Number of protein chains: 2
Amino acid sequence: MDKPTGSSTRERIKEAARRIFVQRGMAGTRMQEIADAAGINKAMLHYYFRSKEQLFELIFMEAIQEMFPKIEKELMADRPIREKLYAFMKAYITQLRKHPYIPLFVLHEMNSGGPQFLEKIQKLEAAEHGRSPKQVLGRLFREMRKAQKEGELPPYPIRHLWTNIIALCVFPFLAKPMLQLLLKMDNRAFDAFLDERIELASTFLNMALTNTKHQ
Amino acid sequence: MDKPTGSSTRERIKEAARRIFVQRGMAGTRMQEIADAAGINKAMLHYYFRSKEQLFELIFMEAIQEMFPKIEKELMADRPIREKLYAFMKAYITQLRKHPYIPLFVLHEMNSGGPQFLEKIQKLEAAEHGRSPKQVLGRLFREMRKAQKEGELPPYPIRHLWTNIIALCVFPFLAKPMLQLLLKMDNRAFDAFLDERIELASTFLNMALTNTKHQ
DNA sequence: GTCTATAATTTGATAGAC
DNA sequence: GTCTATCAAATTATAGAC
């Protein structure tokens, strides 16, 4: 609705589109609503971006990059594996805190969009510069296996351990409405809850990895 | 109660609708696609269910009940708290295994549907017979607090502990496409992965709750 | 670049024959 | 109960003036 004078029309559209797409999904989004939110006319959307699909793809690809965040720094650091995992979790949750609706959006679209859609993501990933998430993960997994042999990590399947780590970070952002309902939290309380998790998620992993080497 | 021909068609429609709605969401679903999947005409959908919205609401409410599953039995049992939690996780994952797409569907609709939508859910919950999920959870939380005082559980915030438990169970079902991409699993491998989690999710909780009483 | 007006298409819903 | 044909509304996209 408002027109911040500092930002370009194109950028205002993108911001509005991100907000609406992320909340309602591709299918649930109306171009009119984006136009209203951007404070411009519907025709302008097609002037700057050819079609709804093209605008969506732009927003979605940027969202994907929010999902695989700047974790590289934490995961490539030269530190003991467990410290590294704790640091990653804190950094990841802090990152998600800034874009809390991205995970559900990405997962829903990855799920409801066809296999054709998934191919597009893989192609993007392959074309990426620098280290891809898959590469970073491959290296991390090798390090974790080594740590297991040396008794630094318990003999728990790596893929499941990693899944657990991501689950502890991401799940509260996916399940916000359900958690608010069941745990009786208003928006204010839920914000505080998410802040607490920055520490408590990695604390839980620490509990699981401590004193279990002997199992 | 049963009209052989009538209820058969009605049931076929419901099955088709469930499949399509759950995959594409309310907004992404076309009545035509449901009709095709059910092998009948579009007009029949409106004959048996007044509107798309009404058909959706039926499917969604049944899905909600799949999300809050028959956990009551496990959680109300008279057993040590930790055993009870492990049994719950196994039962819950086994349950989710039968309806793997329900969680993402429910969470997406809870998120994209307005607050008006959430009220409807609360009303349904309140009108429920027997013990509601909230009641079961309230009782469980009291038991967990008591167990903490007695040193049976570590002094970790209950709401976060419960969130972690649900996260470990549900997350793989929410993130299937992402996990398949990152961990390079085809559908067959992912099925095996989910089967493994029936044990490994509760194993992880066990690791976290063991040898941490003294903290 | 931005707008108004309108075309073109999709889609939920209904009417009416059988 | 089931179908065909069709309507009415919503929605994406474009044309053309300024």
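Every value quoted in this text rests on a predicted model; they were computed, and no experiment measured them. Chain naming here is simple, since letters A, B, ... match the order of the sequence lines and numbering starts at 1 in each.
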Heavy-atom count check: over 12 atoms from other residues, nucleotides or ligands less than 6.0 Å from B/R50 CZ? no

Over how many whole Å does the gap from [X] atom [atom1] to [N] atom [atom2] extend?
| X | N | atom1 | atom2 | answer |
| --- | --- | --- | --- | --- |
| B/R30 | C/dT11 | CZ | P | 5 Å |
| A/R12 | C/dT2 | CZ | P | 8 Å |
| A/E53 | D/dA13 | CD | C1' | 13 Å |
| A/I13 | C/dG1 | CD1 | P | 11 Å |
| A/K52 | D/dT11 | NZ | C1' | 8 Å |
| B/K42 | D/dT6 | NZ | P | 14 Å |
| B/I34 | C/dA13 | CD1 | P | 11 Å |
| A/Q32 | C/dT4 | CD | P | 11 Å |

Of the nucleotides [options], which one has an atom closest to the side chain of [X]?
| X | options | value |
| --- | --- | --- |
| B/M44 | D/dG1, C/dC3, D/dT12 | D/dG1 |
| A/Y47 | C/dT2, D/dT2, D/dT12 | C/dT2 |
| A/A43 | D/dT14, C/dA13, D/dT4 | D/dT14 |

Are B/Q54 and B/E57 side-chain neighbours, meaning at least one heavy-atom pair lies under 4.5 Å? no

With a cut-off of less than 4.0 Å, is there a side-chain N or O of [X] near OP1 or OP2 of [N]?
| X | N | result |
| --- | --- | --- |
| A/T9 | C/dT2 | yes |
| B/Y48 | D/dT2 | yes |
| A/H46 | D/dT14 | no |

Reported CZ-to-CZ distance for the pair A/F141 and A/R159, which is rounded to 0.5 angstrom: 8.5 Å

Do side-chain atoms of A/R197 reach the backbone of A/L168 as a donor and acceptor pair under 3.5 angstrom? yes

Which residues share a side-chain hydrogen bond (donor to acceptor under 3.5 Å, both in side chains) with A/E11, sequence neighbours left out: none

Sugar-phosphate, base or nothing in reach of A/M31, heavy atoms under 4.0 Å: sugar-phosphate

